[in-house]
Trainee: 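This is the structure I have questions about; it appears just below.
Counting starts at 1 for both ligands and their atoms, following the listed order. In this text, all values refer to a predicted model and were calculated from it rather than measured experimentally. We use all heavy atoms of the structure for the numbers below, so side chains are in, but hydrogens, waters and symmetry mates are not.
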Amino acid sequence: MEKLGLLYQGKAKKLYATEDPEVLWVEYLNQATAGNGAKKEQIAGKAELNNRITTLIFDELKRVGIDSHLVKQISPTDQLVRKMTMFPLEIVQRNVAAGSFSKRLGVEEGTELKAPVLEYYFKSDPLNDPFINDDDAVALGLASREELAQIATLARTINTKLTALFKSIDVKLVDFKIEMGTTSDGQILLADEITPDTCRLWDLKDSGADGAVADGNIERLDKDIFRKDLGSILPAYHEILGRLEALAASH
Ligand code: TMP
């Protein structure tokens, strides 16, 4: 497969065309950002870690019946994916209070939620990805009512499967962001990435010497280490990768 013209440059990935109109080429970047790009850093090795982690997670989800846009990983930093028409939505699922949920609603970080929460954010850099509800999304033409129903069902199923997957490697899935799109034949699929950049992952092991960064009584294994200036993300991301590789090897 050949890499053709650049189609899109995001904060953490570049997207290229290929000679197959149904297949795109994704290149992961070393760049880490927070606060919608307000904080920015190059972290050598991050691209390879996130490419591998996303591939392993999408492969695990496929094993339990959740298909994604992933075709295959083709190099340490690159993968081929199905071309999709993306919904301009960040789809967030929460199991434990943290981040913007804790701040907005005054709930202490770490509080177990009585039921998972599904949120939508409108992907718009000039507007800073505002929080929206279903009516906003339909009114703005971001997705139809029927598409939102499918998106919500799929997001909740992914949350259930992903929570179990992470639990099996001693990690608590606090919350995560996913994106979805529609294939040329009208199928709504999981797309983009699932990595420690896009999830809050808390270590359930208490060893303290496994890459997790202690922050009060939370052992962080995700990008909050970068967002909160707690140190290097690399040992934590390596730890997540190592546990996912061990899980894959166990099948
Ligand atoms: P939040 O608490 O900041 O709203 O984030 C919720 C989850 O979504 C958290 O796991 C981080 C992830 N996330 C992204 O991946 N990209 C984003 O732009 C934002 C705001 C959150």
Trainee: Please find the pair of heavy atoms, one from K11 and one from Q31, that lie closest to each other, and give the distance.
Mentor: O-NE2, 3.1 Å
Trainee: Can a protein heavy atom be found under 4.0 Å away from atom 21 (C) of ligand 1?
Mentor: no
Trainee: Taking the side chain as C-beta and beyond, is there a heavy-atom pair between L221 and P196 under 4.5 Å?
Mentor: no
Trainee: Are K46 and E41 close enough for a salt bridge, meaning some N to O gap below 4.0 Å?
Mentor: no
Trainee: Would you mind listing which atoms of ligand 1 come within a distance below 4.0 Å of any non-hydrogen atom of D197?
Mentor: 15 (O)
Trainee: Tell me whether ligand 1 is touched by E119 - counting only heavy atoms on the residue side and a distance under 4.0 Å.
Mentor: no
Trainee: For E245, enumerate each residue passing the side chain to side chain contact (heavy atoms under 4.5 Å, CB included) test, keeping only those at least two apart in sequence or located in another chain.
Mentor: R52, L56, L241
Trainee: Can you tell me which residue and heavy atom of the protein come closest to atom 1 (P) of ligand 1, and the distance to 0.1 Å?
Mentor: S100 OG, 3.4 Å
Trainee: What protein heavy atom is closest to atom 3 (O) of ligand 1, reported as residue, atom name and distance in Å?
Mentor: R200 NH2, 3.7 Å
Trainee: Counting each atom of ligand 1 from 1 as listed, which ones have a heavy atom of G99 under 4.0 Å away?
Mentor: 2 (O)
Trainee: Of the protein's non-hydrogen atoms, which lies at the shortest distance from atom 9 (C) of ligand 1, and what is that distance?
Mentor: D175 OD1, 3.1 Å
Trainee: Quick test: of every protein heavy atom, which one is nearest to atom 17 (C) of ligand 1, and how far off is it to 0.1 Å?
Mentor: E90 OE1, 3.4 Å
Trainee: State the atoms of ligand 1, each with its element, that fall below the 4.0 Å cut-off from a heavy-atom position in C199.
Mentor: 10 (O)
Trainee: If you measure from each heavy atom of E179 to ligand 1, is any distance below 4.0 Å?
Mentor: no
Trainee: Report, as yes or no, whether the 6.0 Å neighbourhood of atom NZ on K3 holds more than 12 heavy atoms from other residues, nucleotides or ligands.
Mentor: yes
Trainee: Taking ring-ring contact (aromatic ring centres under 6.0 Å, His included) as the test, write out the residues that go with Y8, two or more places apart.
Mentor: none
Trainee: Might you confirm whether atom NZ of K39 has over 12 heavy atoms from other residues, nucleotides or ligands at distances under 6.0 Å?
Mentor: yes
Trainee: Kindly give the heavy-atom pair with the smallest separation between A97 and V107, and that separation in Å.
Mentor: CB-CG1, 3.7 Å
Trainee: My understanding is that we take every heavy atom of each candidate and find the minimum distance to atom 11 (C) of ligand 1. Doing that for R227, K177, K223, which one comes out nearest?
Mentor: R227
